[in-house]
Amino acid sequence: MPVHNSEIADIFEELADLLEIEEANPFRVRAYRNAARTIRGYPKNMADLVEQNTDLSKLPTIGKDLAGKIKVIVTKGKLPLFEKLTSRTPKVLNNMLKIQGLGPKRVKRLYQHLNIKNIDDLKRAAHSGKIQTLEGFGEKTEQMIKENLEHFVDEAPRTKLIVAEDIAAPLVEYLKKSNDVKDVIVAGSYRRRQETIGDLDILVTAGKRSNVLDRFVNYDEVDKVISKGTTRSAIQLRCGLSVDLRVVPQVSYGAALQYFTGSKAHNIAIRRMAIEKKLKVNEYGVFKNNQRIAGKTEEEVYRQVGLPYIEPELRENRGELDAAKKKKLPTLITSEDIRGDLHCHTNASDGHHTLTQMVQAAIERGYEYISINDHSQHLTVANGLNEKRVLEQIKTIDQLNEKLNGIVVLKSIELDILEDGRLDLPNSVLKELDFTVCAIHYQFNLSRQKQTERILRAMDNPYFTILAHPSGRLINRRRPYEIDLEKIMEAALQRGCLLELNAHPDRLDLSDEACKMAKDMGLKLAISTDAHSIHDLDNMRFGINQARRGWLEASDVINTRSLKELQKLLRRK
DNA sequence: GCCGTTTTCGGCCCGACTGTTTTCAGTCG
């Protein structure tokens with residue numbers, strides 16, 4: 001069983017936790033965390049790279065030492081340093097770090113003085129009143145621990161962006177009604193349009209007399225106030241989501257927005273660049289000899305450190321700073337670039353609306369084309385179409401197209417890839433379609449090799465056009481199935497097939513980094529909503545978000561093209 | 001432990017809030 005990137009990342013994370021508890025050099029700790037982050041998001045498998053003898057120290061945040069450690073983990077399945085560390089510091093201690101308010105210093109003290117090793121020990125000690133007797137702890141800290149233990153769930157799920165939007169919108173409206181408030185904007189991972197967010201970070205510009213912080217902690221949905229100060233407060237909502245509010249004066253708006261948007265890694269890199277220029281960047285501005293020289297807009301802040309404006313979606317310290325220095329930032333795709341949707345269902349299979357309704361909705365969105373991709377027969381639960389029904393639908397669409405003006409309905413299907421790699425309908429039917437969208441809907445648990453071969457075999461069929469939702473994951477619900485994505489992308493490139501970025505906010509596969517990998521390989525993608533209703537067509541924007549995070553430009557995406565160009569791209573080589 | 005238009009050593013982002021203190025450590029983002 002090959003070692004997964006996430007497993008290597010987990011080991012590095014735990015190492016960082018343990019080193020921190022042992023009060024190791026904090027920069028060493030950070031190095032492990034940075035490396036874990038790089039590895040977790042990396043679209044290629046470390047195990048493969050090791051096998052191919054790739055120099056891993058070329059990867060950002062990975063040096064000679066960590067490259068060696070990755071190799072050891074991949075080949076031996078374990079790491080001596082990790083064993084050594086866990087022999088003197090119990091591994092389970094790092095679970096306690098997940099509790100709000102407990103950091104490495106306190107965990108160490110709890111362990112050394114009260115022999116508290118895990119959550120259960122902690123609960124007992126807190127309820128017996130032992131913790132407040134420890135030096136550095138007190139009554140309030142013990143109380144806080146007790147409260148946070150009650151809400152503690154291992155691995156709290158992150159909130160999907162679409163859910164976060166519904167939570168943020170009314171809160172923003174509420175805050176805008178405070179007196180003396182100018183801007184209210186949601187920053188953080190929300191503004192970077194990450195597929196899921198951990199909390200909400202809201203930035204407000206307001207005068208000194210504003211009551212916005214009082215108003216904030218008195219919001220209807222507040223479950224508990226985590227902290228309240230004069231420029232910053234934090235609350236937890238009843239839905240479980242935490243919200244941070246930061247108030248700055250108007251003159252600091254850009255600097256604060258830049259700071260509060262993150263990511264953390266991006267900000268650290270920016271501040272390091274500032275130091276090289278003998279400048280200091282904080283949330284109040286850019287300072288030269290304690291004199292503010294910028295801060296009103298983000299553009300100013302970037303300009304002072306010698307960079308053009310960088311779009312929030314790119315701020316992950318994944319090469320955007322280098323690209324910015326070289327003036328090679330991508331011109332990111334926008335919603336306006338999209339000319340049609342290439343994956344939509346009707347009530348012929350499991351959609352909620354009729355063909356006419358779907359087409360009408362596409363017209364209302366200004367599209368030049370929409371393709372209809374109902375399920376194929378194998379997916380019986382979705383009332384998948386058999387040969388006869390597909391041919392009927394083709395006829396109906398042909399008739400509809402004759403009546404339509406300014407929009408063309410493309411004849412397609414969402415075709416099951418069977419377990420042996422065959423497609424779910426005979427080629428004699430498929431050849432009547434404009435193109436196909438092919439997908440895996442069952443047997444998710446095949447080995448990585450088998451699942452990859454299954455898809456490659458399907459691609460060998462000349463009527464295979466687009467691989468739909470390539471990872472099959474459902475955010476917070478279903479893990480992606482195991483595939484060698486790079487191999488699949490290479491195969492697609494050779495055969496003239498394409499991959500889909502599924503815009504559904506529960507799916508969003510490909511991931512941002514996978515999008516970037518496709519772009520770097522020269523593989524074009526389709527951004528499609530997989531709409532099962534007319535309203536689902538509006539999910540396109542989530543696909544655009546993800547595409548932008550993956551550095552995609554309009555030219556990287558096929559459904560930004562005119563119908564004529566699109567048809568050329570859909571044709572197999 | 002990483003990194004380099006200061007390139008193999010000596011740096012490593014910066015500030016707010018809380019609680020336990022009495023000037024600050026710990027935690028968080």
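Side chains included, hydrogens not; waters and symmetry mates left out as well; all remaining heavy atoms used. Sequence lines set the chain letters: A, B, ... in the order given, protein chains first and strands last, and positions in each chain run from 1.
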Kindly indicate whether the side chain of N25(A) and the base of dG1(B) share any N or O donor-acceptor pair separated by less than 3.5 Å? yes
Which nucleotide sits closest to the side chain of K140(A): dT18(B), dC2(B), dG19(B)? dG19(B)
What's the gap between dC13(B) and dG29(B) when it is taken at their C1' atoms, as a whole Å value? 12 Å
Cationic tip of R215(A) above Y174(A) ring, under 6.0 Å, 45° of axis: yes
Quick one: label Y32(A) by what it contacts on the DNA or RNA (base, sugar-phosphate, nothing), any heavy atom closer than 4.0 Å. sugar-phosphate
Could you check how far NZ of K264(A) sits from P of dC12(B), rounded to whole Å? 16 Å
For residues H113(A) and L134(A), report the shortest heavy-atom separation together with the two atoms involved. CB-CD2, 3.4 Å
To the nearest angstrom, the CG-P distance between D199(A) and dG29(B) comes to 6 Å
Assign K69(A) to base, sugar-phosphate, or nothing according to its heavy-atom contacts below 4.0 angstrom with the strands shown. sugar-phosphate
Starting at atom CD1 of I268(A), determine the distance to atom P of dC14(B), rounded to an integer number of angstrom. 10 Å
Test: R193(A) cationic atom under 6.0 Å from Y190(A) six-membered ring centre, within 45° of axis: yes
dC14(B) and dC9(B), which share atom name C1', separated by this distance in whole Å: 24 Å
Please tabulate, for the side chains in residues 268-281 of chain A, all donor-acceptor contacts under 3.5 angstrom to protein atoms that are two or more places apart in sequence or on a different chain.
from: R271(A); atom 1: NE; to: V281(A); atom 2: O; distance (Å): 3.3

Could you let me know what dG19(B) is paired to, Watson-Crick or G-U wobble, both distances under 3.5 Å, or none if it's on its own? dC24(B)
Please determine which of L161(A), I162(A), N545(A), L508(A) meets the side-chain contact (heavy atoms from CB on, under 4.5 Å) test together with E195(A). L508(A)
Does T231(A) or A269(A) map to a spot on DNA chain B nearer the 5' end, using the closest nucleotide for each? A269(A)
Taking dC12(B), dG1(B), dG15(B) as options, the one with an atom nearest any side-chain atom of L66(A) is dG1(B)
Would you indicate, yes or no, if dC28(B) has its OP1 or OP2 atom less than 4.0 angstrom from a side-chain nitrogen or oxygen of R232(A)? no
Using side-chain hydrogen bond (donor to acceptor under 3.5 Å, both in side chains) as the criterion, point out the one residue from R315(A), K328(A), H266(A) that pairs with E320(A). H266(A)
C1' atoms of dC17(B) and dT23(B), separation to the nearest Å: 16 Å
Students often get this wrong, so: under 4.0 angstrom with heavy atoms, is K228(A) touching a base, only sugar-phosphate, or nothing? sugar-phosphate
Nearest whole angstrom, please: distance from the C1' of dT20(B) to the CD of Q143(A). 16 Å
With rounding to whole Å, what would you report as the distance between dT21(B) and dA16(B) at their P atoms? 24 Å
With sequence neighbours excluded, residues passing salt bridge (Lys or Arg N to Asp or Glu O under 4.0 Å) with R37(A): E316(A)
Please check the phosphate of dC13(B) (OP1 and OP2 only) for any side-chain N or O of N267(A) closer than 4.0 Å. no
Write out a two-atom table: protein N or O, nucleotide N or O from nucleotides 21-27 of chain B, distance below 3.5 Å.
from: dT27(B); atom 1: OP1; to: G103(A); atom 2: N; distance (Å): 2.7
from: dT27(B); atom 1: OP1; to: G103(A); atom 2: O; distance (Å): 3.1
from: dT27(B); atom 1: OP1; to: R106(A); atom 2: N; distance (Å): 2.9
from: dT27(B); atom 1: OP2; to: K105(A); atom 2: N; distance (Å): 3.2
from: dT27(B); atom 1: O5'; to: G103(A); atom 2: N; distance (Å): 3.4

With sequence neighbours left out, the residues meeting side chain to side chain donor-acceptor pair (under 3.5 Å) with N118(A) are none
Distance between P atoms of dT7(B) and dG1(B) (Å, rounded): 24 Å
Between the protein and nucleotides 3-10 of chain B, are there any N/O to N/O pairs under 3.5 Å, and if so, what are the atom names and distances?
from: dC3(B); atom 1: OP1; to: T61(A); atom 2: N; distance (Å): 2.8

Starting at CZ of R448(A), measure out to CG of D484(A) and round the result to the nearest 0.5 Å. 4.5 Å
Assign V281(A) to base, sugar-phosphate, or nothing according to its heavy-atom contacts below 4.0 angstrom with the strands shown. sugar-phosphate
Could you give the distance separating dG15(B) and dG10(B) at their C1' atoms, to the nearest angstrom? 25 Å
Which residue lies more 5' along DNA chain B, comparing D201(A) with R28(A) via nearest heavy atoms: R28(A)
Under 4.0 Å from OP1 or OP2 of dA16(B): is there any side-chain N or O of T230(A) that close? no
Distance, rounded to the nearest Å, where I39(A) contributes CD1 and dG1(B) contributes P: 14 Å
Name the one of Q194(A), R548(A), R191(A), R192(A) that satisfies side-chain hydrogen bond (donor to acceptor under 3.5 Å, both in side chains) with E313(A)? R548(A)
What does R30(A) touch in the nucleic acid at a heavy-atom separation under 4.0 angstrom: a base, only the sugar-phosphate, or nothing? base
Figure out the CD1/P separation between I202(A) and dA16(B), and round it to whole Å. 20 Å
Using the test side chain to side chain donor-acceptor pair (under 3.5 Å), find all partners of R477(A) that sit at least two apart in sequence or belong to another chain. D506(A)
Given the P atoms of dT6(B) and dG11(B), what is the spacing between them in whole Å? 15 Å
Give N34(A) one of three labels, base, sugar-phosphate or nothing, depending on what nucleic acid heavy atoms sit under 4.0 Å from its own. nothing
With P as the reference atom in both, quote the distance from dT22(B) to dT8(B) in angstrom, rounded to an integer. 46 Å
Could you tell me whether the phosphate oxygens of dC13(B), OP1 or OP2, come under 4.0 Å of any side-chain nitrogen or oxygen in Y284(A)? no
We want to know whether E20(A) and N94(A) form a side-chain donor-acceptor pair, criterion being a heavy-atom distance below 3.5 angstrom. no
